[in-house]
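On a predicted model such as this, the values are computed, not experimentally measured, just so you know. A, B, ... follow the sequence lines: proteins, then strands. Residue 1 opens every chain.
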Number of protein chains: 2
Amino acid sequence: MILTININGISLENIINHFKKYLPLNNEEIQALTSRITERKIKRRQFLLQEGDVCKYFTYIQSGCFKMYGVDDKGVEHNLVFAAEDDWISDISSLHRELPSKLYIEAIEPSVVLQISKGDLWYLYTNFPKFDRNFRVIIEDKYIELQERLLQTFSATALDRYERFMDQYPHLANRLPNTQIASYLGVTAEFLSKIKNDRFKK
Amino acid sequence: MILTININGISLENIINHFKKYLPLNNEEIQALTSRITERKIKRRQFLLQEGDVCKYFTYIQSGCFKMYGVDDKGVEHNLVFAAEDDWISDISSLHRELPSKLYIEAIEPSVVLQISKGDLWYLYTNFPKFDRNFRVIIEDKYIELQERLLQTFSATALDRYERFMDQYPHLANRLPNTQIASYLGVTAEFLSKIKNDRFKK
DNA sequence: AAATACCCTTAATGTAGTTTAAGGGTAAAG
DNA sequence: CTTTACCCTTAAACTACATTAAGGGTATTT
């Protein structure tokens, strides 16, 4: 059978296909999910979350690109993650504990997102265990990424980390300015510029 | 009613209480879990996992303490996590993907662990959704910890990170040698020694 | 009791990455 | 068409941390 994949004018095809990579949703689960989703269009430089706010949503990105970052006491931004189309972004710490976030989530490009509120997400978890399963696997994959990155940060040079980033995230590499990549790698834009240049001179 | 909490001479009280912090297990779930658990006594310096091995188990620590670390191409160890009693440890990446691990898990103290094999864990996930839920929350908490640590690594000095570690993990702080803490903080033991001393001289 | 293996510290020297400052490029906004 | 705002690069001085080397302490092994 074929399902309607536009409800209230919201295109839901992407998110439904997204879950097919895990345990695919049945019609009842799709209905439960899609009736709890809000679509938002986000402009470049617009924030989904700012320091001090409590994070209210788990956000699926239909199109566009976001960065989540913290700002240190000198005012320097440190990018924790990028997330583009068909990915999730949220400050899970703030969402779970309902405490003010220390982070910002900001659009790098004009974007369209689908958001689920914490209450709705809890409803889905409680009534449809498949969401527990799917989000367990999603978060496990993110945990693995983060752990590999932490190890790299300790054990590899900035150039190694840069090359690995370019290999691992080709869909991000060519649309992000070097300032943002530098902040993700944990170096200044000046230093990134230097090591990229040194590499060619060899 | 009161359950037997020793099966085949294995003390299961701790792990059952552990799950009470999340969604507590009912008798059927306890039975399913405990019949799939293997107890092992581990000596100091003994490995649960070595680089090149495929990680086969999710491990609950009854007593003792472990470190998980990677070794860089210069042979230097970098501690990713410590885990002590009433905590879990595993290389989730290797466990999931069934690929050789790049990490070591080594006992820092004589320890007793309860292990669940990947197959048994998948059985529990499939037949008792509560395990999906509980492990989702467990891994989410670990993700939050890791994310905070990564941000700190970028934005705080080694002294800040040291003081924060001592505050946050008092149950680890006083039983770990400084060499191990230095490796966790991402600095050399020599430098840690220096900054601790500089602090007092002020 | 001696020997080995860790562990902690101090200090000199070396280096990866920062800071500051400056100049030039390109895209968006008026 | 000009202005503003980012973005990228170069280069010099600076700083946080690494490396090497050495000495002393304490626990574990022989």
Does the distance from a Lys or Arg side-chain N to an Asp or Glu carboxylate O, for Asp160(B) and Arg164(B), drop under 4.0 Å?
no
What's Thr188(B) touching, base or sugar-phosphate or nothing? Going by heavy atoms closer than 4.0 Å.
base
Considering only side-chain heavy atoms of [X], which listed nucleotide, [options], is closest?
{"X": "Arg161(A)", "options": "dC8(D), dG17(C), dC7(D)", "result": "dG17(C)"}
{"X": "Lys74(B)", "options": "dT19(D), dT9(D), dT18(C)", "result": "dT19(D)"}
{"X": "Phe191(B)", "options": "dT10(D), dC17(D), dC7(C)", "result": "dC17(D)"}
{"X": "Val187(B)", "options": "dA18(D), dT18(C), dC6(D)", "result": "dA18(D)"}
{"X": "Pro177(B)", "options": "dC7(C), dC7(D), dA16(C)", "result": "dC7(C)"}
{"X": "Ser193(A)", "options": "dT9(C), dT10(D), dC17(D)", "result": "dT10(D)"}
{"X": "Asn197(B)", "options": "dC7(D), dT10(C), dC17(D)", "result": "dT10(C)"}
{"X": "Asn178(B)", "options": "dC7(D), dT9(C), dC7(C)", "result": "dT9(C)"}

Would you sort out whether Asn17(A) and Lys20(A) count as a side chain to side chain donor-acceptor pair (under 3.5 Å), showing the intermediate values?
CA-CA 5 Å; Asn17(A) 280 329; Lys20(A) 287 194 182 147; 3.3 Å; yes
For Lys41(B), look at atom NZ and say whether over 12 heavy atoms of other residues, nucleotides or ligands are found less than 6.0 Å away.
no
Please report, rounded to the nearest Å, how far the [atom2] atom of [N] is from the [atom1] atom of [X].
{"X": "Ile195(B)", "N": "dA11(C)", "atom1": "CD1", "atom2": "P", "value": "17 Å"}
{"X": "Asp160(A)", "N": "dG17(C)", "atom1": "CG", "atom2": "C1'", "value": "15 Å"}
{"X": "Leu192(A)", "N": "dA16(C)", "atom1": "CG", "atom2": "P", "value": "16 Å"}
{"X": "Leu185(B)", "N": "dA16(D)", "atom1": "CG", "atom2": "C1'", "value": "15 Å"}
{"X": "His78(B)", "N": "dA18(D)", "atom1": "NE2", "atom2": "C1'", "value": "12 Å"}
{"X": "Arg175(A)", "N": "dC6(D)", "atom1": "CZ", "atom2": "C1'", "value": "19 Å"}
{"X": "Glu109(B)", "N": "dC6(C)", "atom1": "CD", "atom2": "P", "value": "17 Å"}
{"X": "Lys194(B)", "N": "dT20(D)", "atom1": "NZ", "atom2": "C1'", "value": "16 Å"}

[X] side chain near [Y] side chain, heavy-atom distance below 4.5 Å:
{"X": "Lys56(B)", "Y": "Lys118(B)", "answer": "no"}
{"X": "Ser193(A)", "Y": "Asn178(A)", "answer": "no"}
{"X": "Tyr184(A)", "Y": "Tyr69(A)", "answer": "no"}
{"X": "Ile144(A)", "Y": "Arg97(B)", "answer": "yes"}

Relative to the ring of Trp88(A), is the ring of Phe58(A) parallel (under 30°), tilted (30 to 60°) or perpendicular (over 60°)?
tilted
Take the C1' atoms of the five end pairs on each side of the helix from dA1(C)-dT30(D) to dG30(C)-dC1(D), get both axes, and report the angle to 10 degrees.
40°
If you assign Arg45(B) and Ala189(B) each to the DNA chain C nucleotide with the nearest heavy atom, which residue ends up on the more 5' nucleotide?
Arg45(B)
How does each nucleotide of nucleotides 21-30 of chain C score, in 5' to 3' order, for protein heavy atoms under 4.0 Å: base (B), sugar-phosphate only (S), or none (-)?
----------
Criterion salt bridge (Lys or Arg N to Asp or Glu O under 4.0 Å) on Glu145(B) and Arg149(B), from CA distance to verdict
CA-CA 6 Å; Glu145(B) 268 188 84; Arg149(B) 184 162 162 218; over 6 Å; no
Tell me which one of Arg44(B), Lys43(B), Arg45(B), Arg175(B) satisfies side chain to side chain donor-acceptor pair (under 3.5 Å) with Glu109(B).
Arg175(B)
